[in-house]
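The next block holds one structure in the form of structure tokens; read it before the comments.
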Amino acid sequence: MMTRRYRSRTLGVLAGTMAAALALSACSTGPEASDYKEGDPYTLTVWTNFTGEAGLAWFDSVAKEFEASHENVTVKAQHIQNEELDGKLQTALNSGDAPSIFMQRGGGKMRDMAKANQLLDLTGSAVDSPELREKLGDVSYQALTIDGKLLAAPQLVQPGGIWYSKDLFKTAGITEIPKTVDELAGAIDKLKGAGITPIALGGKDAWPAAHWYYFFALRECSTDTLEATNNSLDFSNPCYEKAAKDVVDLAALKPFNEGFLNTSAQQGASSSAGLLANHKAAMELMGNWEPGVVKDLTPNKEPLPDLGWFPFPQVASGQGDAKALMGGKGGFSCSAGAPKKLCGEFLALMNSEKNQESFYTAFGSIPLHADAQDVVKNDYDKQMIDALNEATYVSNFLDTNYGQKVGTVLNQAVIELLTGKTTPAGLVKAITEAADRN
């Protein structure tokens with residue numbers, strides 16, 4: 001979000017797979033936010049999904065830097081496994097026991113929080129300064145603004161695509177990166193012929209499987225249709241059922257690891273990310289947090305030297321642009337009762353040039369800050385920056401766009417599609433009914 005995504009989905013699952021190292025108080029302590037005065041004792045609580053060693057170290061550094069410049073202010077964090085974060089956060093928000101600052105996935109999930117008056121308007125705060133807007137880009141701010149109110153601070157864009165092992169592609173005799181779904185099917189056939197599992201999939205966590213539907217929808221549906229659906233939750237356009245049919249056709253090639261429905265996405269060497277990290281599978285569809293996750297799962301915990309990336313292939317009959325991208329566009333929000341000045345200053349510090357550079361080092365996620373992008377060295381990161389610069393459209397992940405209720409139904413419907421418990425038409429029916437109940 002991470003994104004799922006900012007899933008790391010949202011930073012999504014950028015941080016890797018270590019168990020949370022901190023389990024501290026969720027609620028802000030000290031005076032009520034409306035009564036807070038500079039210099040008063042205050043505990044600023046922060047929830048993230050940073051659970052890997054590098055992510056914890058990065059956050060601790062930022063927290064210490066903030067405490068050093070803010071007398072009597074203490075920063076306490078709770079770092080929560082990505083798949084558990086949304087549920088715990090919603091419970092905390094609904095009970096009025098929310099943290100001061102928390103990871104924000106954006107999209108429909110953020111709109112739902114805004115409707116419930118659970119978010120602080122950061123407009124005019126330190127993180128909304130003209131200087132920082134220029135460095136992070138107005139587009140990043142626009143994605144987190146509703147009705148003219150800045151409801152989260154941007155931190156990253158996480159373009160998704162297919163990550164692959166260059167060595168395994170070479171072993172299978174694949175010399176060209178697939179640009180179409182037909183070419184992807186040909187690569188799958190070659191990999192299977194060489195005795196290599198073509199695609200790693202962590203179906204146990206649902207959202208990694210749903211990614212395949214999201215990206216097929218990105219290629220099948222026009223930008224206008226996708227944008228309209230984000231607001232209307234109307235899935236009557238035939239492109240949505242076509243995307244589900246694409247998932248069925250892909251699954252018919254039997255490209256996934258054995259037992260993929262019981263495989264986790266990022267937890268341990270046997271996870272889907274672990275299969276890629278240990279050359280047990282050739283590809284995985286993920287956001288740009290993948291290198292950091294894979295790094296934590298290699299035997300020596302070093303970056304995978306043959307890791308490559310390519311954009312999701314085009315569908316022959318699709319109305320979507322081949323240059324359209326999908327990925328988390330999240331950041332961090334402050335709860336409605338938090339002190340605006342402190343929150344804005346903390347988020348601005350997270351996004352400083354120095355801390356964006358070290359964020360890239362810790363997570364491997366492309367820095368938003370323009371002056372920090374010169375630290376990017378990997379070819380795949382440079383490819384993604386180029387792809388972002390050329391992108392005709394950048395969508396958030398669909399479950400984020402549609403909000404938690406519809407998004408959860410969509411993710412589960414994709415699992416049912418893969419198990420044969422529903423059909424493409426059944427998937428569309430399920431999310432349509434969820435939207436009607438929303």
Side-chain angles (χ1 to χ4, degrees), residues 158-201 208 211-221 242-243 245-257 260 272-273 275-291 294 298 303-327 364 366 376-395:
Q158 301 173 289
I162 297 181
W163 297 87
Y164 73 103
S165 163
K166 294 179 181 179
D167 289 349
L168 293 184
F169 266 41
K170 184 177 180 180
T171 298
I174 302 169
T175 57
E176 298 289 337
I177 296 303
K179 292 183 174 61
T180 68
V181 171
D182 286 343
E183 291 175 2
L184 179 64
I188 289 170
D189 188 57
K190 288 184 177 181
L191 287 161
K192 291 177 70 173
I196 299 167
T197 298
I199 298 173
L201 181 59
H211 271 191
W212 285 96
Y213 178 80
Y214 307 162
F215 279 85
F216 277 125
L218 182 72
R219 294 291 182 252
E220 290 284 9
C221 303
K242 287 181 180 179
K245 178 64 165 55
D246 291 335
V247 174
V248 172
D249 291 344
L250 176 71
L253 302 177
K254 300 188 182 301
F256 306 127
N257 48 289
F260 68 88
S272 56
L275 295 177
L276 181 62
N278 294 282
H279 286 160
K280 301 297 185 182
M283 293 179 278
E284 185 176 24
L285 176 61
M286 274 289 159
N288 80 328
W289 58 81
E290 182 80 335
V294 166
T298 59
L304 190 66
D306 68 317
L307 186 63
W309 177 88
F310 58 92
F312 195 84
Q314 180 61 303
V315 179
S317 61
Q319 300 174 19
D321 195 310
K323 290 185 177 181
L325 295 176
M326 180 172 287
I366 299 170
V376 171
K377 304 299 181 186
N378 295 316
D379 287 342
Y380 49 73
D381 287 328
K382 294 177 182 178
Q383 280 180 272
M384 280 188 283
I385 289 176
D386 289 343
L388 280 169
N389 290 337
E390 296 175 5
T392 54
Y393 173 64
V394 181
S395 170

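None of the values given here were measured: they were computed from a predicted structure.
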Do the side chains of [Y] and [X] get nearer than 4.5 Å, heavy atoms only?
X	Y	answer
Leu276	Met286	no
Asp381	Lys377	no
Ile199	Phe260	no
Lys179	Pro311	no
Asn378	Pro291	no
Thr197	Leu191	no
Phe169	Pro178	yes
Ile196	His279	no

Kindly compute the distance separating [atom1] ([X]) from [atom2] ([Y]), expressed to the nearest 0.5 Å.
X	Y	atom1	atom2	result
Asn288	Ile385	CG	CD1	9.5 Å
Thr392	Asp321	OG1	CG	3.5 Å
Tyr214	Met326	OH	CE	8.5 Å
Asn278	Thr298	CG	OG1	7.5 Å
Glu390	Leu325	CD	CG	9.5 Å
Met283	Leu168	CE	CG	10.0 Å

Can you list the residues that meet the salt bridge (Lys or Arg N to Asp or Glu O under 4.0 Å) rule with Asp249, with sequence neighbours excluded?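 Expected list: Lys245.
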
Chi angles and distances behind the side-chain contact (heavy atoms from CB on, under 4.5 Å) call for Asp306, Tyr164: CA-CA 8 Å; Asp306 68 317; Tyr164 73 103; over 6 Å; no

If you take all heavy atoms of [X] and [Y], which pair is closest and at what distance?
X	Y	value
Trp309	Gly160	CZ2-O, 3.7 Å
Glu220	Ser317	OE1-OG, 3.8 Å
Leu253	Lys192	O-NZ, 2.7 Å
Ile366	Pro159	CD1-CG, 4.5 Å

On the 0 to 90° scale, with breaks at 30° and 60°, tag the [X]-[Y] ring pair as parallel, tilted or perpendicular.
X	Y	value
Phe215	His211	perpendicular
Phe216	Phe312	perpendicular
Tyr380	Trp163	perpendicular

Going by side chain to side chain contact (heavy atoms under 4.5 Å, CB included), Pro313 matches just one of Asp182, Leu184, Ile177. Which one? Leu184

Under a 3.5 Å distance rule, please check whether Asp246 uses its side chain to pair with a backbone N or O of Tyr213 as donor and acceptor.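 Not at all, since once roles are kept as given, no pair shorter than 3.5 Å links the two residues.
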
Can you name the side chain to side chain donor-acceptor pair (under 3.5 Å) partners of Glu284, sequence neighbours left out?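 For Glu284, the residues satisfying side chain to side chain donor-acceptor pair (under 3.5 Å) (neighbours in sequence not counted) are Ser272.
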
Candidate pair Leu250 and Val181, rule side-chain contact (heavy atoms from CB on, under 4.5 Å), full reasoning: CA-CA 9 Å; Leu250 176 71; Val181 171; over 6 Å; no

